[in-house]
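Below: one structure, written as structure tokens.
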Amino acid sequence: GDSVTQTEGLVTVTEGLPVKLNCTYQTTYLTIAFFWYVQYLNEAPQVLLKSSTDNKRTEHQGFHATLHKSSSSFHLQKSSAQLSDSALYYCALRVASSSFSKLVFGQGTSLSVVP
Amino acid sequence: GPKVLQIPSHQIIDMGQMVTLNCDPVSNHLYFYWYKQILGQQMEFLVNFYNGKVMEKSKLFKDQFSVERPDGSYFTLKIQPTALEDSAVYFCASSFSGGDYEQYFGPGTRLTVL
């Protein structure tokens with residue numbers, strides 16, 4: 001079946017340093033889209049980035065990710081982490097059947113940015 | 001951005017009781033979803049719903065589960081009867097269309113079955 005793997009449960013990084021959150025996937029679908037959701041404490045998950053184009057960099061709010069179908073990856077990166085980036089990050093794969101879709105989530109990575 | 005609301009935020013009930021989780025989706029959205037997240041695990045798809053019907057459900061959507069959206073009001077998830085393994089956070093989501101539109105999530109309802 002379809003699956004998304006986030007290898008780190010917790011990432012701690014010092015403010016101002018780069019951060020990378022890993023995401024790999026397995027799917028049998030050909031037409032797919034990928035998302036990074038961010039969830040701040042006691043809030044709803046919200047889309048941070050999305051992409052469906054191979055080898056194209058997507059950026060938002062200082063974060064960037066590039067879908068690499070050759071390696072089945074969609075890692076999230078930021079060159080300089082901020083304290084406000086501390087949150088839970090989910091990588092998700094959208095698969096569709098006819099006109100309906102569902103999201104397949106990774107386990108989530110908790111990012112803690114410390115001074 | 002668009003907001004999805006979920007009521008209540010927490011619910012504690014005894015095993016065997018019925019529970020209804022309520023979702024107030026984005027006003028012009030037509031497609032609705034429930035996801036389940038057991039503590040320490042990933043969010044998993046339960047069901048999607050459109051035009052008064054369940055379109056797709058996962059193996060987690062047991063016979064004790066049902067969904068409806070009567071008269072365009074709340075989109076609800078009912079569990080009757082509840083079991084210990086139903087303890088989880090339940091996230092509601094909605095989207096304008098089915099295939100290529102972003103799903104907007106609510107903050108979740110934490111259900112504890114004792």
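Within every chain, numbering begins at 1; the chains are lettered A, B, ... in the order of the sequence lines, protein sequences first and strands thereafter.
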In this structure, would [X] and [Y] fall into the same cluster of hydrophobic residues linked by side-chain contacts under 4.5 Å?
X	Y	result
F65(B)	F32(B)	yes
Y35(B)	I38(B)	no
L30(B)	Y33(B)	yes
I13(B)	I7(B)	no
F35(A)	L88(A)	yes

Side chains of P45(A) and M43(B), heavy atoms from C-beta outward: is any pair under 4.5 Å? yes
Side chain to side chain, F45(B) and L103(A), heavy atoms closer than 4.5 Å: no
In Å, rounded to the nearest 0.5 Å, how long is the span from CD of Q42(B) to OG of S3(A)? 9.0 Å
Between NZ on residue K102(A) and CD on residue E56(B), distance to nearest 0.5 Å: 4.5 Å
Among Ile, Leu, Val, Met, Phe, Trp and Tyr joined by side-chain contacts under 4.5 Å, find the other residues sharing a cluster with L114(B) and list them by chain and number. I12(B)
Is it the case that atom [atom1] in [X] sees more than 12 heavy atoms from other parts of the structure closer than 6.0 Å?
X	atom1	result
Q41(B)	CD	yes
K62(B)	NZ	yes
Y74(B)	OH	no

Looking only at side chains, do Y37(A) and Q103(B) share a donor and an acceptor under 3.5 Å apart? no
Which disulfide (SG to SG under 2.5 Å) pairs, counting each pair once, include a residue from residues 12-67 of chain B, with sequence neighbours left out? C23(B)-C92(B)
Positions in residues 104-113 of chain B that reach chain A, provided some heavy atom is under 4.5 Å away: F105(B), G106(B), P107(B)
Answer with side chain, backbone, both or neither: which region of Q6(A) has an atom nearer than 4.5 Å to a non-hydrogen atom of chain B? neither
E43(A) versus chain B, the contacting section by heavy-atom distance below 4.5 Å: backbone
Could you tell me which residues in residues 47-68 of chain A have at least one non-hydrogen atom under 4.5 Å from a non-hydrogen atom of chain B, sorted by residue number? V47(A), K50(A)
Heavy-atom contact with chain A under 4.5 Å, split by part of Q37(B): side chain
